[in-house]
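All chains are named by letter (A, B, ...) in the order of the sequence lines, taking the proteins before the strands, and each is independently numbered beginning at 1. These values consider heavy atoms only, across backbone and side chains, with no hydrogens, waters or symmetry-generated copies.
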Amino acid sequence: MEIPKTYDPKITEDKWYSHWLKHNMFKSVPDEREPYTIVIPPPNVTGVLHMGHMLNNTIQDVLIRKARMQGKNACWVPGTDHASIATEAKVVALLKEKGIRKTDLSREDFLKHAWEWKNKYGGIILKQLEKLGASCDWDRTRFTMEQDLSDAVIDVFIDLYNKDKIYRGVRMVNWDPQGLTAVSDEEVIYKEVNSKLYYVKYKIEGADEWITIATTRPETILGDTAVCVHPADERYTHLKGKRAIIPFVNRSVPIIFDDYITMEFGTGALKVTPAHDINDYNLGVKHQLEVIDTIDANGKMSAAAQFYVGEDRFVIRKKIAKDLEELGQIVKIEDIKNKVGYSERTDAVIEPKLSMQWFLKMDTLSKPALENVLNGEIKLIPDKFVNTYKHWMENVHDWCISRQLWWGQQIPAWYDNKGNTVVCKTKEEALEKLKVKNPSIKIEDIKQDEDVLDTWFSSWLWPISVFDGFKNPDGKDINYYYPTNDLVTAPEILFFWVARMIIAGYEYRGKKPFTNVYLTGIVRDKQGRKMSKSLGNSPDPIELIEKYGADGVRVGMLLCSPAGNDLPFDESTCEQGRNFSNKIWNAFRLIKGWEVDNTAKQPENNAAAVQWFEAKLNEQLLVLADLYSKYRMSEALMTTYKLVWDDFCAWYLEMIKPEYLDGTSLPIDATTYDATIILFEKILKVLHPFMPFVTEEIWHLITPRDEKDCIVISTWPSTTAESPSVITQMNVAMEIITTIRNIRKQKNISPKEKLTLFAKINEDLRVDKYNTIVCKLGNLANYEYVTKKVDNAFSFLLKQTEFYVPLSENIDVEAEKERLQKDLEYNLGFLKSVQIKLANEKFIANAKPELLANERKKQTDAEAKIKAIEAQLTELN
RNA sequence: GGGAGCUUAGCUCAGCUGGUUCAGAGCAUCUGCCUUACAAGCAGAGGGUCACUGGUUCGAACCCAGUAGUUCCCACCA
């Protein structure tokens, strides 16, 4: 059979993925083995795969595949998040296209549309993960709004309410005027923007005097209920007890004094709008100011504003400034930079707004979550994030958990017609409970709270709820898989999600939810910008897979992604990944093409090569184990890459490759061939977590196998004791080969021209079994030992052995001398530096004994080498 | 405003508790090869005052201080 020259991912990827699924190779059920568990950070159900997911899920897949091969019961739980605000916004937009307004629909009808949408499009992202090769146990796919998970959310809410950790109250919250809901502090992103600072003068009541305030938000003037200055500010002390007149509305408001004011800012006088600024609100509470809510939920001026009613606050900002100017009340306008909060989900400017919301008290809940990260029970990788985590957890605010949306878990709070509230699961229960306070109540009088819970209030339970830990707290699954092992996620959601999962884990299982948190970097473009849909700078991962193959893209992503460092993504690394797939493919093609001689005895050089590569592989497996244990994924990949490309392909295969005679290939002896197959299969296994498809394809082509005998469930190669001498001996042979190649290059000798090599070597240093290898890879006709110098030959020195390569052309004696002289100087310098060290009493006194011994050895080695060079030089003269 | 991190070759990064003349890897570059596994390849080579300044030390890319640049997190300055 003719094997194609290049590896074609298109004909292998779908084939193997469905094969794996067909044979349930990703499936996990509890058994006697040690579990290894990862729960996926559930992507938004509205999402499509982006580069961040690619990175994230590639890492998870590498970890899970490796664990599976190491004999653990690997379980990767996939799923999606209902993402209430994002999904609701999407459905609202979709309905709008059809000419339907959300307000025209009942809650039930809207939810019907939303579920329809979810059922139709909600699975896209999971399908895309299959393209990447993600080895999730798809039978365990969960959705944060499916029945069991929603039940868990509601139970937890009720439980926390009963524990007095949840309360309801009117607070200043972050209002998203586009999403029409409150959002939590964490969902507000502050950006620095260019603004204008308007200096506006207010008339002092009953006096021919004005006070000038400075504001960036003139549109809130209509809601002003005071002017505030610092008590120590002498400019304003005479205004004690006076009142100011608010423009347009002509409202008389008190001038109050509070040391909250920064006298240096603006004019030192602040307009106070308790309804639309958190600081002003606090001042209002303190000084018992009236609260006038002049901006409605949509960010438009409300009736209470009296003027500009129904117009957008930003339109009004300009208009009001112009109108004030006409009134002669604008003193000046300055350009300033300030920070404005934007909604994480809708990117609308956040409006501080007073409203009735539900909150979760975080102070005591967060304690164990902080402790157990600080004491290393839960590890953050890289650990620099511990600081950030600590800071957040120590300053954590109460969590606003209610959202004015329909898509999500509706808050299980029930109200009667007399202002009574109960929290419980069903309306019927609520009726019973309310009857206590309100005996005449009928079920029709009971209304459920309209709000739903923050999405994160469901996803913080994810590691428990995916295993039915709430429905069945003593169940087999939860007890077996929980705590999970590794969580792989982006640092952006460390507080949103990771911290809260830890809190929930301790609160509801009394145990951590996971042991290691691997925080990936953020994928950026070449200019360092974050990849995002709005910037359009993110390549489509699926297109990349089409172009380079899933294995190529996986390698490309991982090559440049140390934990926690941002990843400047460049498509060229995917190209490197694709080339690597091809390299492996061609190694297979070479081996597969050999003719095997079952009777031939294994030549000594082949035995040496096999022995060497076994040692090398063993050595690198130990390196890999160490790197994996430290979650150094890109280094583990690079180590694998070099092992395969350099050691296996460039050296080992070249060493044992049968020679060609008269246009036909000689057969290879069966011993070497069999050993090579075994080694190659080990190589494939080591590669498999990174490159599942190409390795599976070759796995089946290199050896005929049962269809159930897949590399996915093969066993990770074991290691033995190290044999460093084999490696160092071969290193010498390799060095000789490289030097000969170097000489060819320098002297312009064709690689085809056979050379002869003479070595003036000590008997005890000779290891003859490598000589044939040297001859083969150096393309030598002869390799002979001599006892004295060879004339008219290029010479070089390795490990105190002189080598000579006789050349047809005459040796340029002067050039040789010069080269040797340089070499001599280098070694003299080196010797000197060692001698200085050894002459230093303090060094002798302080250095570790093994270091000292090493230095002494260096000294004798250098001396010997110098002698050898000097001898060569005198011979030349 | 507070805090954390980063700065090593053209690019992306290693360099563990200071100790080989210590400055490394991959990619890119350059040179020579269409050598029957692979030009998506082979062989070879060149590239860096380890951001800057000072200190500690027998010895500093590594420890300390300061400076500059840069990234991120937190915070209610109108």
**Student:** Can a salt bridge be assigned to the pair A:K547 and A:E571 using a cut-off of 4.0 Å between side-chain N and carboxylate O?
**Tutor:**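 Yes, A:K547 and A:E571 are salt-bridged.
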**Student:** Quick one: A:D259 CG to B:A78 C1', roughly how many Å, whole number?
**Tutor:** 16 Å
**Student:** Could you tell me how far apart A:F648 (CZ) and B:C38 (P) are, to the nearest whole angstrom?
**Tutor:** 16 Å
**Student:** Identify the nucleotide, in any strand shown, that forms a Watson-Crick or G-U wobble pair with B:C72, with both distances under 3.5 Å; if there is none, say none.
**Tutor:** B:G3
**Student:** Does A:Y641 make a side-chain N or O approach to OP1 or OP2 of B:C27 shorter than 4.0 Å?
**Tutor:**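 So the side chain of A:Y641 is within the cut-off, an N or O lying under 4.0 Å from OP1 or OP2 of B:C27.
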**Student:** Return the nucleotide paired to B:G41: Watson-Crick means purine N1 to pyrimidine N3 with N6-O4 or O6-N4, wobble means G-U with N1-O2 and O6-N3, both under 3.5 Å.
**Tutor:**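 Paired with B:G41, as far as the under-3.5 Å criterion goes, is B:C33.
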**Student:** Which nucleotide wins on minimum distance to the side chain of A:R524, given the candidates B:C73, B:U71, B:U21?
**Tutor:**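 Of all the options, the side chain of A:R524 is nearest to B:U71.
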**Student:** Closest approach to the side chain of A:R632, judged atom by atom: which nucleotide of B:C27, B:A14, B:C38 is it?
**Tutor:**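 Closest of the options to the side chain of A:R632: B:A14.
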**Student:** Check this one for me: any side-chain N or O of A:N582 less than 4.0 Å away from OP1 or OP2 of B:G41?
**Tutor:**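 No, no such contact exists.
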**Student:** Any side-chain N or O of A:R578 under 4.0 Å from OP1/OP2 of B:A40?
**Tutor:** no
**Student:** Give the nucleotide from the list B:C77, B:A78, B:C73 with an atom nearest to the side chain of A:T262.
**Tutor:** B:C77
**Student:** In terms of side-chain heavy atoms of A:K642, which of B:C58, B:A37, B:G26 is nearest?
**Tutor:**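 That would be B:G26.
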**Student:** Taking the P atom of each, how far is B:G24 from B:A61, in whole Å?
**Tutor:**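 My reading of the P atoms in B:G24 and B:A61 gives 13 Å.
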**Student:** For A:F588 together with A:F680, are the ring centres under 6.0 Å from each other?
**Tutor:** no
**Student:** If B:C52 has a Watson-Crick or G-U wobble mate with both distances under 3.5 Å, name it; if not, just say none.
**Tutor:**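 Looking at the geometry, B:C52 pairs with B:G66.
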**Student:** Thinking salt bridges, do A:K865 and A:D861 make one under a 4.0 Å N-O criterion?
**Tutor:**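 Salt bridge absent between A:K865 and A:D861.
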**Student:** Under 4.0 Å between a side-chain N or O of A:K842 and OP1 or OP2 of B:C58?
**Tutor:** yes
**Student:** Looking only at side-chain N and O atoms, does A:K5 come under 4.0 Å of OP1 or OP2 in B:C38?
**Tutor:** yes
**Student:** Counting side-chain heavy atoms from CB outward, which of B:A43, B:G19, B:C38 is closest to A:K583?
**Tutor:** B:C38
**Student:** If you only use heavy atoms from C-beta on, which nucleotide in B:U20, B:A78, B:A37 is closest to the side chain of A:F265?
**Tutor:**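 So the side chain of A:F265 is nearest to B:A78.
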**Student:** Can you confirm whether A:E753 is buried at CD, in the sense that more than 12 heavy atoms of other residues, nucleotides or ligands lie under 6.0 Å from that atom?
**Tutor:** yes
**Student:** Does A:S833 place a side-chain N or O at less than 4.0 Å from the phosphate oxygens OP1/OP2 of B:U21?
**Tutor:**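 So the side chain of A:S833 is within the cut-off, an N or O lying under 4.0 Å from OP1 or OP2 of B:U21.
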**Student:** Rounding to an integer number of angstrom, what distance separates B:A37 and B:U31 when you compare their P atoms?
**Tutor:**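 After rounding to an integer number of Å, I get 27 Å for this pair.
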**Student:** How far does the C1' atom of B:G15 sit from the matching atom of B:C50, given to the nearest Å?
**Tutor:** 10 Å
**Student:** Using a cut-off of less than 4.0 Å, is there contact between a side-chain N or O of A:Y660 and OP1 or OP2 of B:A37?
**Tutor:**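 Yes, A:Y660 has a side-chain N/O under 4.0 Å of OP1/OP2 on B:A37.
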**Student:** Out of B:G5, B:C74, B:G26, which has the shortest distance to the side chain of A:Q576?
**Tutor:**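 Ranking B:G5, B:C74, B:G26 by closest atom to the A:Q576 side chain puts B:G26 first.
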**Student:** According to a strict under-4.0 Å criterion, is A:W645 in side-chain N/O contact with OP1 or OP2 of B:C42?
**Tutor:**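 Yes, such a contact exists.
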**Student:** Tell me: CZ of A:R744 to P of B:C42, nearest whole Å?
**Tutor:** 18 Å
**Student:** So, is A:N338 close to the B:C77 phosphate, meaning a side-chain N or O under 4.0 Å from OP1 or OP2?
**Tutor:** no
**Student:** What's the closest nucleotide to the A:K837 side chain, out of B:C76, B:G44, B:U21?
**Tutor:** B:U21
**Student:** Taking atom C1' of B:C27 as reference, at what distance in whole Å does atom OH of A:Y548 sit?
**Tutor:**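 The distance from OH of A:Y548 to C1' of B:C27 comes to 14 Å, rounded to the nearest Å.
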**Student:** If the C1' atom of B:U35 is compared with that of B:G41, how far apart are they to the nearest Å?
**Tutor:**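 Those two atoms are separated by 11 Å.
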**Student:** State whether a side-chain donor-acceptor pair under 3.5 Å links A:S184 with A:E187.
**Tutor:**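 There is such a pair (donor and acceptor under 3.5 Å, judged by atom type) between the side chains of A:S184 and A:E187.
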